[in-house]
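Below: one structure, written as structure tokens.
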Number of protein chains: 2
Amino acid sequence: MPGDHKPKTANGKIVRSTKQRQAILDILTKQQSHLSAEEIYQAVKITQPRISLGTVYRNLEILTELGSIYRNSFADGKARYESATIGHHHHLVCINCQDIENLTACPMAQDIGNLAQSHDFEPLEHYFEVYGYCGKCRRKD
Amino acid sequence: MPGDHKPKTANGKIVRSTKQRQAILDILTKQQSHLSAEEIYQAVKITQPRISLGTVYRNLEILTELGSIYRNSFADGKARYESATIGHHHHLVCINCQDIENLTACPMAQDIGNLAQSHDFEPLEHYFEVYGYCGKCRRKD
DNA sequence: TTTTTTATCAGTAATCATTCCTATTAACGC
DNA sequence: GCGTTAATAGGAATGATTACTGATAAAAAA
């Protein structure tokens, strides 16, 4: 069937629209912050009290695959998710208050993007995170 | 006591020289690769058969704190360690064969390093990882 | 050297994030 | 509405890492 525009995952299954999935996407779209699976689970439970943590994880995986959200794994080994409506960016992570600020500047847009040629490497995704102290925490010290 | 050069951790405890710790550092120095805690555990067991996985984790933490090794957490959520003798660098990770190549070019050395001023942020550490296909795997496809 | 101190150890239990499993439920096409 | 099957709830299982405890062995003191 040409002209078939139904969303599908990598395994070819049609992606249905469910209340649970929509609720997860709503949370990430409205809050525009970097939430862990557990935080999303707690937030979604307000409107979907019977949702399970497994459902949250499965939907985060599907939404990431569809490109609707970004998945980031930080130094603490925990994955955090955010809406993809904001566009590609990187992160400034405060090691004191854990606040995460977005950084629109991207290393790949600079000369470093040429590394592909010199290293015979085909880049698909990249992550750039800076850890340090945000302005608020610097002034508290 | 001024001139006290005994290595100490952040909590002020003196760091002793033990066979177990030395063996872990030896592995990372000689192999010059990016090993997980489990891989290090298996390698160290050859010379220290009675070592425990807990000891490996504790020493990796101490050695990281002392600056003798680097700790990196990749997208799979698993931490990998490498000797610090090689100096600061970043990573090209092949999503097919999992091979990790080092990249000496650093975004912070470029204009992006100026983000500190514009974002009122004091950078201490940073990570830059590129995921894609290495030369070998590209030619296999 | 002997004794004392205490950082480190082995072994194991506990924790945390995440994935897997199974019977049941509910989107969506017809 | 009916049938197909993706998605769900609930919970068990996994894997990486951390925490606990009594024993051990470096370094310091005597």
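Here is the naming used below: chain letters follow the sequence lines, and residue numbers restart at 1 for every chain.
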Hydrophobic clusters here meaning ILVMFWY residues chained together by side-chain heavy-atom distances under 4.5 Å, can you tell me if [X] and [Y] are in one?
X	Y	answer
A:L92	B:Y127	no
B:L63	B:Y41	yes
A:L35	A:L60	yes

query: What are the residues of residues 16-40 of chain A, sorted by number, that bring a heavy atom to within less than 4.0 Å of DNA chain D?
result: A:R16, A:T18, A:Q20, A:R21

Do [X] side-chain atoms and [Y] backbone N/O form a donor-acceptor pair below 3.5 Å?
X	Y	result
A:Y131	A:A75	yes
B:H34	B:R80	no
B:H91	B:I100	no

Given atom [atom1] of [X] and atom [atom2] of [N], what is their separation to the nearest angstrom?
X	N	atom1	atom2	answer
B:F74	D:dT17	CZ	P	12 Å
A:Y41	D:dT8	OH	C1'	13 Å
A:I14	D:dT4	CD1	C1'	11 Å
B:R50	D:dT24	CZ	C1'	10 Å
A:I51	D:dG11	CD1	P	16 Å
A:K78	D:dT18	NZ	C1'	14 Å
B:Y57	D:dA19	OH	C1'	14 Å
B:R80	D:dG15	CZ	C1'	13 Å

field: Range on DNA chain C touched by chain A - first to last nucleotide, heavy-atom distance under 4.0 Å
entry: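 Nucleotide range with atoms under 4.0 Å of chain A: C:dA17 to C:dG29.
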
message: Let's go through A:I62 and A:K13 carefully: what are the C-alpha distance in whole Å and the side-chain angles of both, what is the deciding distance for side chain to side chain contact (heavy atoms under 4.5 Å, CB included) to 0.1 Å, and is it a yes or a no?
response: CA-CA 11 Å; A:I62 292 171; A:K13 287 187 181 178; over 6 Å; no

query: Taking the side chain of A:V15 as its heavy atoms from C-beta onward, which of D:dT8, D:dA7, D:dG10 lies nearest to it?
result: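 Within the option list, the nearest is D:dA7.
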
query: OP1 or OP2 of D:dT8 less than 4.0 angstrom from a side-chain nitrogen or oxygen of A:R58, does that happen here?
result: yes

query: Judged by modelled atom types alone, do A:T85 and A:Q32 share a side-chain donor-acceptor pair under 3.5 Å?
result: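 Their side chains do contain a donor-acceptor pair, which is all the 3.5 Å distance test asks for.
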
field: Stepwise side chain to side chain contact (heavy atoms under 4.5 Å, CB included) check, B:K19 with B:I51
entry: CA-CA 10 Å; B:K19 285 175 294 185; B:I51 200 169; over 6 Å; no

query: So what does B:L53 hit on the nucleic acid, given a heavy-atom distance under 4.0 Å: a base, only sugar-phosphate, or nothing?
result: base

